[in-house]
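Structure first, then comments.
Excluded from the calculations below are hydrogen atoms, water molecules and symmetry mates; all remaining heavy atoms, backbone and side chain alike, are included.
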Amino acid sequence: MQSTCGLFACNVNPGDNIFSSKTIKCDSEQAIKLSKKIIEDKLFPRYFSNIKYHIDEIEIDTIFTKKINEKTGYQECKATSNIIASFDINKNTLLGQYKYFNLMLGSDNVINLGSNKYILSSSVWYTTEMTSDGEQYEVNLKFDGDKTRALYSKNIEQDKEKTFQLLLKLAKKGNAEIQNQIGVMYSDGQGVEQNFDKAKEWYEKSAEQNNNWGLYNLADLYYDGTVVKKDYKKAFELFQKSANLGNYDAQNRLANMYYSGYGVTQDYSQAVYWYKKSADLYYDWALYNLGKMYYSGKGVKQDYRIAYEYILKATNYELKEAQNKIGIMYHDGEYVEKNYKKAFQWYKKSAEQGFNWGQFNLAKMYYYGEYVEKNHQKAFQWYQKAANQNNGNAQNRLANMYYSGEGVIQDYNKAMQWYQKSAENGFDWGAYNLGEMYYFGNGVVKNYETAMRYYIPNNSITFTIPPNS
């Protein structure tokens with residue numbers, strides 16, 4: 001049968017018996033084909049006129065008929081549309097897109113596949129019927145969403161099991177992005193029982209098709225070494241493939257490997273190159289890491305101004321490590337004028353997000369009374385938060401406060417415990433102070449030999465056993 005399709009109608013041969021009833025079934029090939037065409041050619045250009053997008057695939061699924069008019073052949077149908085599409089949205093405007101899709105399309109399930117690609121599942125209503133002369137069939141379609149209502153501006157809870165089953169069906173058809181997403185769901189136990197071996201299988205399927213996120217996640221498995229045997233060289237190769245395909249996270253990880261020399265010869269210049277690639281895509285960690293390279297002068301000429309600018313950009317994404325670093329620069333007057341008030345504000349932002357160094361630096365300002373009034377109790381509280389995250393420096397400071405009774409009741413036993421933790425975390429002064437406790441017998445039986453063992457890690461200490469010991 002020959003047909004010519006427009007936006008809302010297709011011309012057909014009136015003599016074909018298939019349309020003798022003057023009815024187009026909701027699930028007919030013609031109705032579904034034209035429904036997809038309306039979404040692609042009519043509705044998306046209207047709704048997303050200000051955003052560049054590309055539709056990869058449209059699936060019309062779970063179709064049922066609500067109403068049939070036997071005289072005219074008119075049918076009212078409802079279905080689920082699953083649209084795989086990418087949108088040209090950089091990371092600093094990404095927030096709120098779920099709400100936007102809910103508002104524009106009435107989407108009740110929005111799945112982020114990474115790299116600005118989404119699956120948008122929306123209910124659609126459409127009508128089908130033949131024209132009175134039987135020469136055309138018509139489909140009219142709309143998304144099932146009243147855009148004047150607030151309902152679709154809210155985040156809608158996803159049914160994870162339903163989402164998994166939807167994605168699994170699409171993954172089995174060979175879609176590389178969705179194969180990667182199935183791997184993620186197996187890895188995280190989202191909508192399915194957690195299974196790392198299954199995750200690896202799906203990452204491999206995705207990576208075989210050169211999907212950048214499939215390559216990234218497979219690389220991460222080899223880097224981590226929990227699911228497969230740790231292999232930095234293999235991880236580097238996979239990160240490199242993903243990075244070359246424009247994956248901002250892989251570019252940052254590749255730079256990390258060049259920086260550390262894991263899986264490749266250490267090369268600060270290459271680290272800077274890949275951090276820059278990722279930073280140009282507004283990736284917060286890359287902005288921060290590139291700023292640190294300029295701060296330290298590794299791979300580039302040291303420049304506090306450029307360091308500050310990159311790290312400050314990273315704070316736009318609430319990166320707690322970047323907030324702490326900006327606090328340090330204000331505290332020490334590096335590029336910016338020394339300003340304890342701003343240092344305190346940045347440390348506080350970082351500390352409240354749970355970053356242990358932000359907590360440590362905030363505690364120091366309370367301890368020494370910089371910008372705020374000296375407050376040993378608050379200093380103790382923030383040192384304790386950082387110490388509980390195995391920050392060796394904070395553990396030593398906390399022990400000092402227990403030792404001297406500053407901000408807390410004096411307790412040599414607790415001081416001993418925290419000095420021990422600090423020493424175990426490789427902090428020299430924690431080891432030295434632990435040695436002091438054994439030397440003087442504070443909170444422990446005096447023992448010069450044990451004291452010596454703890455003194456030795458601190459190279460600035462010369463130890464002499466007292467006479468008559």
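Two rings, from Y248 and Y283, have their centers less than 6.0 Å apart. If you look at Y454 and Y432, their ring centroids are not closer than 6.0 Å. Ring centroids of F239 and Y216 are separated by less than 6.0 Å, placing the two rings close together.
Side-chain atoms of S350 come within 3.5 Å of backbone atoms of K320 as a donor-acceptor pair (strictly under, hydrogens ignored). For the pair T315 (side chain) and L312 (backbone), a donor-acceptor distance under 3.5 Å is present. The closest donor-acceptor contact from the side chain of Q251 to the backbone of A243 lies under 3.5 Å. Q209 contributes a side-chain N or O that, together with a main-chain N or O of G174, makes up a donor-acceptor pair within less than 3.5 Å. Under a 3.5 Å cut-off, the side chain of S81 and the backbone N or O of I60 do not form any donor-acceptor pair. Y126 contributes a side-chain N or O that, together with a main-chain N or O of C26, makes up a donor-acceptor pair within less than 3.5 Å. Here the side chain of S206 pairs no donor or acceptor atom with the backbone of E177 at under 3.5 angstrom.
Both tests do not hold together for K341 against F344: distance to the six-membered ring centre under 6.0 Å, angle to the ring axis within 45°. Both the sub-6.0 Å distance and the 45° axial angle are not jointly satisfied by R397 relative to the ring of F360. The cationic atom of K230 (NZ for Lys, CZ for Arg) does not lie both less than 6.0 Å from the six-membered ring centre of Y222 and within 45° of the ring axis.
Across every non-hydrogen atom of F87 and Y53, the tightest pair is CD2-CB, 3.6 Å. Among all heavy-atom pairs drawn from L43 and K142, the shortest one is CD1-CA, 4.5 Å. Considering every non-hydrogen atom in both S422 and G430, the closest pair reads OG-CA, 3.4 Å. Pairing each heavy atom of Y366 with each of A379, the nearest pair is CB-N, 3.8 Å. Across every non-hydrogen atom of W202 and Q179, the tightest pair is CB-O, 3.4 Å. For the residue pair A79 and I63, the shortest heavy atom distance occurs at CB-CG1, 3.7 Å.
Taken to the nearest 0.5 Å, the CG atom of L362 stands 7.5 Å off from the NZ atom of K348. Put simply, CG on L254 and CG on N244 are 8.0 Å apart, with the number rounded to the nearest 0.5 Å. Separating the CD atom in E424 from the CG atom in L434 is a distance of 9.0 Å, to the nearest 0.5 Å.
Checked against I328 for a side chain to side chain contact (heavy atoms under 4.5 Å, CB included), the options Y347, W357, W346 give a single hit: Y347.
Side-chain N/O atoms of Y419 and Q395 include no donor and acceptor closer than 3.5 Å.
Ring planes of Y258 and F236: perpendicular class, angle over 60° (limits at 30 and 60°). Using cut-offs of 30° and 60° for the angle between ring planes, the F143 and F44 rings count as tilted.
At least one side-chain heavy atom of Y317 sits less than 4.5 Å from a side-chain heavy atom of L287. By the 4.5 Å heavy-atom criterion applied to side chains, V124 and S35 are not counted as neighbours.
At a threshold of 4.0 Å, the pair E201-K205 does not count as salt-bridged, since none of the basic side-chain nitrogens sits closer than that to a carboxylate oxygen. The residues E237 and K241 are annotated as not salt-bridged, no charged nitrogen and carboxylate oxygen being separated by less than 4.0 angstrom. A salt bridge is absent between E334 and K325: the closest approach of a Lys/Arg side-chain nitrogen to an acidic carboxylate oxygen does not fall below 4.0 angstrom.
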Return all side-chain donor-acceptor pairs below 3.5 angstrom for residues 185-192, not counting sequence neighbours, or 'none' if the list is empty.
residue: D188; atom: OD2; partner: Q190; partner atom: NE2; Å: 3.4

